[in-house]
Every structure is written in structure tokens, then in C-alpha cells.
Trainee: 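Here it is, the structure, as C-alpha cells.
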Number of protein chains: 2
Amino acid sequence: MPQTDDGIAATFAPHDHQECAHRALDEAAERLAGQGARLTPVRRRTLEILLESHRAMGAYEVLDRLAAEGFGRQPPVAYRALEFLVSHGLAHRLQRLNAFAACLHPGHDHHPAFLICRSCDKVAEAPAGPVRDALTQVAAQGGFRVERATIEALGLCATCAAQDGDPASAEDGA
Amino acid sequence: MPQTDDGIAATFAPHDHQECAHRALDEAAERLAGQGARLTPVRRRTLEILLESHRAMGAYEVLDRLAAEGFGRQPPVAYRALEFLVSHGLAHRLQRLNAFAACLHPGHDHHPAFLICRSCDKVAEAPAGPVRDALTQVAAQGGFRVERATIEALGLCATCAAQDGDPASAEDGA
DNA sequence: ACCCGAATGTAATATAGTAACGAATAGGCG
DNA sequence: CGCCTATTCGTTACTATATTACATTCGGGT
Ligand SMILES: [Zn+2]
Ligand SMILES: [Zn+2]
Ligand SMILES: [Zn+2]
Ligand SMILES: [Zn+2]
């Protein structure tokens, strides 16, 4: 019973993360080259740090890592690198967490919905099209024009649900 | 050309706000009485402050007001009152703004979508049902079970669009 | 009166984010 | 090459947001 593997399951399930991260970095570099933007050492390292896991990291957590590796140790160092990545579509900011996560699908037009697992803390990007459409429509009923939307879900991923989560999601495994 | 007045237009359009705020406060008091929760002076005043406008207010903005009126002047005073209101469904927290807004529909489903006007800063609550359904469904495709969703839209309300906003929304008004 | 738990107040601290400014650096050009 | 300019990087200092810990007060039951 294969469920649509749109990348969500791919994020939460065990996988060859070396490959996963490496590919995202390559795509990022290529993408930036096309835009004439510079992937400087701090920026590159910042992206690599975010790519080490599928979790979202706070700016200060990233900063600690950068400082330990010889980069600057003041907040703007991290915030600037992160803002650069976000504004070039290589990372996302999670409003709910005041944190940042690497984008795994650079190249697509990206303002996805985010799925945050409360158990493993991983963050997946989900296609926001239908959700955004529903929101745009309900807003339009009241004469409101949506320009930017924040869509973030907190919940339980399939992997965590199967492990120790509630059995309702894994009845066949009991 | 009446558009569905589900409360969105009612929030952004000019209206008898005295009545609007008063009714929300009464409903809140009644609701709390039914729950056996106490609407103490600080809590009541905090709700009144939030109800003065349809904007979202930061905790420190509320705190300044409370302090000026003889309540405590330390952050926990505001945060506790705000948390109480939120947990009892009388106010909402806006993740995007790190701010709080009074709930205008206490008693209804308490996890609405929020529409934030970038021009007048007012915040309206929109029915989140369809949006939440779309999100739940796209998440389920990846095996993710949504437990809580944050849905916040930034944009332009009808009133602001008609006044000086972009003409596309008010072509007949030119 | 006495006790207890909830609510309120304080100080202190933690976490998140920005402003302002100078030093290093990459490219463009005489 | 040497020079100029825009970008990037680093620092200091500061603002904003939020929580922990603990003392005091207040309401209600005995
Ligand atoms: Zn991976
Ligand atoms: Zn998980
Ligand atoms: Zn009103
Ligand atoms: Zn408006």
C-alpha cells in the first residue's frame, strides 16, 4: 500500500541522508550561480549545518556552530547568513519555532506548508497549493486578499506513530 | 452586492465597536463562569485592553498599559493574564507577530485562521475548517497526522484595498 | 482563627532579533 | 598592477520577547 511519496515520507523515514544533503547543497550552489549570487564560506557552512538534519535550528544554535568553526560569534553573523538563504529559497523560517530549516526542494516555487513532528522534531515540506487555495477562498468571502500565508502543522509523523505513538495509526502493527 | 458576512468584513469595516467589544466581554465572563474559572481584575482588564481594537498587541505593550493602571510591571503579569485568556479561548496568539488578539467569537471552534491586514493591522478570524481539511489531507498523503495547525495570512482587507490599496480590487471606485 | 491552593507581585535570567559602524575583500577599470 | 566601489564579514551595543524562581496576598473551606 504505497502512499504518495511526495517527499514527506522521504523526510521522516530513514534514508541515505548523506546523499539527501549533498544533493540539496549541489542544487543550491547551481541555483545561486544562475542568479549571480555568491555562496560564500559562511553561507555555505550555514546551509551545510542546516542540512545535517531535518530539524529546524534556532539562529543561536547555528551561531554556536559557526563560532566553533572559526567564523564570527555575534548574532548578525548567523542572522545574515540565514536571511540570505531564506531570501534565495534555500532555507525556510518556521514561525512557530523561531527557527530555520534547510529547503529540500530548491528550484520549485517555494512557499510550502510545514509538517513538524512533535516526537522526532523533523520538519517536512508539503505542497501548499490546495491549502493555500482554501485559505484564499475563505478570505475572499470576507473581501480579504491574501498575499502571504503561514501554514505550519504540528503533529506526529508516520515513523514516530509506528514506533511508540498512538496505535490508531498503526493498527496492523500491533 | 452583499458578500458573505461571516465576521471578516465585520472586523475590518467600520462598526459600533463599543457594542462589539462589550458583547465579547460579556460572552467571555459568561463562558468563564460556566467553567468555574475566575475573571480577576488583571485578567479582565487585559481582555478589555485587547478588545479596544482589532489589532494584535505584544505582551509588553499590554504590560505597559497594565502597569500604568496600577497592576504589576513585570513581564509575568502580562504573560500570565494573556496565557489565561488564550487557554480559555478568549484570546489568540499570532505566531507571525509574537502578539495577542482578543477572540471575537468565544464559544465557536477555537482554532480559526487569521487574516492580518498589512495596512490597518487589524486581525480577523476566518473559519479554518476547509483550510484545515486540505492540510490534514495533504499531510495524510505522507503519513503525517496533524494535531495542531497554525494558519495565518498576511494581506489587504477590503476596506484598505478600497481606500488606497491597489485598484485591481476597487476598479469601480476609480 | 487556621490552612491551603490559586493568583499576584517581584527580581533575575534566558532567548530572539536589530542597529550602527569599521575592516576585509571581490571585481571592475585606468 | 594600483585604485575605486559595492558587498560581505566581523564587532559592539542595544532592543524585544519570554521564562524561572521565589515571596506575598487572597479566597474559600474547616
Ligand atoms: Zn535527509
Ligand atoms: Zn517523527
Ligand atoms: Zn469591533
Ligand atoms: Zn486593513
Side-chain angles (χ1 to χ4, degrees), chain A residues 28-29 32-33 35-50 55-88 90-101 116 121 150 152, chain B residues 28-29 32-33 35-50 55-88 90-101 116 121 150 152:
Chain A
L32 286 180
Q35 294 178 16
R38 295 168 52 199
L39 186 58
T40 62
V42 215
R43 292 168 177 174
R44 180 185 188 93
R45 194 68 198 106
T46 299
L47 181 53
E48 288 174 353
I49 288 171
L50 289 182
R55 291 189 309 108
M57 295 178 76
Y60 282 75
E61 196 180 347
V62 171
L63 178 58
D64 284 347
R65 294 286 308 276
L66 291 174
E69 299 178 21
F71 295 100
R73 46 185 61 257
Q74 306 306 320
V77 170
Y79 280 102
R80 279 196 292 237
L82 289 167
E83 184 196 319
F84 171 87
L85 295 175
V86 169
S87 68
H88 287 78
L90 306 179
H92 298 288
R93 174 172 205 144
L94 299 236
Q95 304 284 353
R96 244 193 122 90
L97 307 176
N98 290 335
F100 302 82
I116 307 164
D121 285 333
T150 299
E152 301 177 4
Chain B
L32 286 180
Q35 294 178 15
R38 295 169 52 198
L39 187 57
T40 62
V42 217
R43 291 169 178 173
R44 179 184 188 95
R45 194 71 197 104
T46 300
L47 181 53
E48 287 173 354
I49 288 170
L50 290 182
R55 292 188 310 108
M57 296 179 74
Y60 281 78
E61 197 179 347
V62 171
L63 178 58
D64 284 347
R65 294 286 308 274
L66 291 174
E69 301 179 19
F71 295 99
R73 43 184 63 258
Q74 305 305 321
V77 170
Y79 280 102
R80 280 195 290 234
L82 290 166
E83 184 196 320
F84 172 86
L85 296 175
V86 169
S87 68
H88 287 78
L90 306 180
H92 298 287
R93 174 172 205 144
L94 288 281
Q95 304 283 352
R96 250 194 116 93
L97 308 175
N98 290 334
F100 302 81
I116 307 164
D121 285 333
T150 299
E152 301 177 5

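For the numbers below, each heavy atom of this structure counts, side chains included, while hydrogens, waters and symmetry mates do not. We name chains A, B, ... by the order of the sequence lines, and we start the count at 1 in each one.
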Trainee: Would Phe84(A) and Tyr79(A) count as a side chain to side chain contact (heavy atoms under 4.5 Å, CB included) here? Give the steps.
Mentor: CA-CA 8 Å; Phe84(A) 171 87; Tyr79(A) 280 102; over 6 Å; no

Trainee: Which whole-number value in Å describes the distance from Gln74(A) CD to dG10(D) C1'?
Mentor: 8 Å

Trainee: Find the distance Glu83(B):CD to dT17(D):C1' and express it as a whole number of Å.
Mentor: 15 Å

Trainee: Apply side chain to side chain contact (heavy atoms under 4.5 Å, CB included) to the pair Ile49(A) and Met57(A), showing each step before the final yes or no.
Mentor: CA-CA 9 Å; Ile49(A) 288 171; Met57(A) 295 178 76; 3.7 Å; yes

Trainee: Atom CZ of Phe71(A) and atom P of dT11(D): how far apart are they, to the nearest Å?
Mentor: 12 Å

Trainee: Between Arg73(B) and Arg43(B), name the one whose nearest nucleotide on DNA chain C is closer to the 5' end.
Mentor: Arg43(B)

Trainee: Check this for me, if you would: do Arg44(A) and Glu48(A) make a salt bridge, where the nitrogen-to-carboxylate-oxygen distance has to be below 4.0 angstrom?
Mentor: yes

Trainee: Between dA7(C) atom P and His88(B) atom NE2, what is the distance in whole Å?
Mentor: 8 Å

Trainee: Counting side-chain heavy atoms from CB outward, which of dA16(C), dT10(C), dA7(C) is closest to Val77(B)?
Mentor: dT10(C)

Trainee: For the pair made of CG in Asp64(A) and C1' in dA16(C), what is the distance, rounded to whole Å?
Mentor: 13 Å

Trainee: Whole Å only: how far is the CG atom of Leu63(A) from the C1' atom of dT15(C)?
Mentor: 13 Å

Trainee: Does any N or O in the side chain of Arg43(B) come within less than 3.5 Å of the main-chain N or O of Arg38(B), such that one atom is a donor and the other an acceptor?
Mentor: yes

Trainee: Hey, does Arg44(A) reach any base, or is it just sugar-phosphate, or nothing, if we go heavy atoms under 4.0 Å?
Mentor: nothing

Trainee: Whole-Å distance between dG17(C) C1' and Leu97(A) CG?
Mentor: 16 Å

Trainee: Please determine whether any donor N or O and acceptor N or O are separated by less than 3.5 Å between the side chain of Arg80(A) and the base of dG17(C).
Mentor: no

Trainee: Roughly, in whole Å, what's the span from CG in Leu82(A) to C1' in dT8(D)?
Mentor: 15 Å

Trainee: Check step by step if side chain to side chain contact (heavy atoms under 4.5 Å, CB included) holds for Leu50(B) and Leu82(B).
Mentor: CA-CA 10 Å; Leu50(B) 290 182; Leu82(B) 290 166; 3.9 Å; yes

Trainee: Want to settle it: does Gly72(B) or Asn98(B) sit nearer the 5' end of DNA chain C, counting the closest nucleotide to each?
Mentor: Gly72(B)

Trainee: Closer to the 5' end of DNA chain D via nearest nucleotide, is it Pro76(A) or Phe84(A)?
Mentor: Phe84(A)

Trainee: Does Tyr60(B) get its side chain close enough to the base of dA18(D), under 3.5 Å, for a donor-acceptor pair?
Mentor: yes

Trainee: May I ask you to evaluate whether Arg38(B) reaches the phosphate of dG28(D), defined as a side-chain N or O under 4.0 Å from OP1 or OP2?
Mentor: no

